[in-house]
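Numbering of ligands and ligand atoms starts at 1, following listing order.
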Amino acid sequence: MTQITDAGKLQHLLTIDGIDRAHFDRILAYADDFANQHQHEHSVNHDLSDATCALLFFESSTRTRCSFELAAKRLGATVMNCATQDMATSKGETVLDTLHTLQAMGTHYFVIRHQSDDLVMELAQHLQPGSHIINAGAGRVAHPSQALLDLMTIRRCKLNQSNLKIAIVGDIKHSRVVSSQLACFSLYQLGDIVLSGPSSLLPSEVPYDNVRITENIDDALSDADVVIFLRIQLERIPEQERPDKEQYFKEYGLTDARLALAKPDAIVMHPGPVNRDVEIASHLVDGPQSVILQQVNNGVALRMGILKYLHEQ
Ligand code: CP
């Protein structure tokens with residue numbers, strides 16, 4: 001997988017792994033600046049006025065697709081929000097040929113979500129210099145911009161503290177968000193991470209010393225600074241293996257009693273989309289400890305940071 005050029009520049013953002021922290025430090029610094037500016041106004045800046053950006057989402061999305069569109073527009077780029085169900089891939093054209101076609105029209109940025117674990121990474125090996133692929137969600141394996149916006153949110157809410165206890169609860173096994181979060185939070189040494197959920201939704205092991213796995217949700221939440229709940233990825237689980245939603249909420253949903261196990265100033269996060277009263281009690285989604293909409297808000301600034309940084313490379 002090639003994300004970094006021979007000259008050490010970041011050409012593509014495919015995964016968190018394999019990228020030096022210095023690149024992310026710049027992206028996060030830009031994102032913080034944009035977030036601070038945009039608290040007051042949503043002005044367009046012209047950093048990307050000479051660039052064209054194609055959004056190619058082969059899976060559904062609200063947050064990622066719309067925030068990349070807004071981010072590119074706020075940087076002055078020309079944006080093509082491609083309706084993938086109506087594109088020539090439905091007539092047998094390969095996604096790579098679609099990219100070459102759009103590249104021939106002068107497209108520089110390809111923001112791609114695809115159900116395949118590997119396709120986005122493979123496409124990056126076939127693009128000309130000057131083109132950038134941003135992975136907006138690849139199968140079960142990686143969703144790097146989500147992990148970076150979650151890191152940004154934690155750092156802003158917790159004032160750059162380290163030694164945090166972070167509990168991540170839910171469908172860990174099928175989550176591309178968690179894969180990228182573990183790489184990202186470990187790179188930034190945020191603290192200890194505890195993964196929890198029913199055994200059928202947990203991996204048997206993870207390759208990080210600061211991460212442990214437990215089926216005991218009370219243990220995971222106890223004294224946590226950050227609690228992150230995840231959707232059950234029904235689209236990746238055979239129908240006969242899907243948990244019953246009511247039973248799941250009883251055993252692994254966030255309730256007042258469970259939230260009380262965490263630190264009093266713990267923040268509640270969820271990458272979205274949320275299924276209310278399945279992963280989190282509905283009133284806690286909107287409660288004072290929830291930063292779910294702050295995550296969404298930071299997502300626009302963070303994606304502006306990614307686009308601006310790639311443009312400079
Ligand atoms: N978190 C996330 O990727 O949400 P969307 O599927 O709405 O983009």
E59 to ligand 1, any heavy atom closer than 4.0 Å: no
Do Q85 and S90 pair up side chain to side chain, a donor and an acceptor below 3.5 Å, judged on atom types alone? no
Which of the numbered atoms in ligand 1 are below 4.0 angstrom from a heavy atom of Q146? 1 (N), 2 (C)
Enumerate the atoms of ligand 1 whose separation from the nearest heavy atom of T62 is less than 4.0 angstrom. 5 (P), 7 (O), 8 (O)
Protein heavy atom at shortest distance from atom 1 (N) of ligand 1: P271 O, 2.8 Å
Between M80 and L102, what is the shortest heavy-atom contact and its length? CE-CD2, 4.2 Å
Do any nitrogen or oxygen atoms of P273 come within less than 3.5 Å of a nitrogen or oxygen of ligand 1? no
Between F229 and H270, is the ring centroid distance below 6.0 Å? no
Which of the atoms of ligand 1 are close to G272, meaning less than 4.0 Å from one of its heavy atoms? 1 (N), 2 (C), 4 (O)
Is the closest heavy-atom distance from G137 to ligand 1 below 4.0 Å? no
Residues S61 and R113: closest non-hydrogen pair is CB-NH1, 3.3 Å
Nearest atoms (heavy-atom pairs only) where I166 meets I228: CG2-CD1, 4.0 Å
I'd like to check the ring-ring contact (aromatic ring centres under 6.0 Å, His included) partners of H132; sequence neighbours left out, ordered by chain and number. Y109
Ligand 1 N/O within reach of R113 N/O, cut-off under 3.5 Å: yes
Side chain to side chain donor-acceptor pair (under 3.5 Å) partners for D192, two or more places apart: none
Can you tell me which residue and heavy atom of the protein come closest to atom 4 (O) of ligand 1, and the distance to 0.1 Å? R63 NE, 3.1 Å
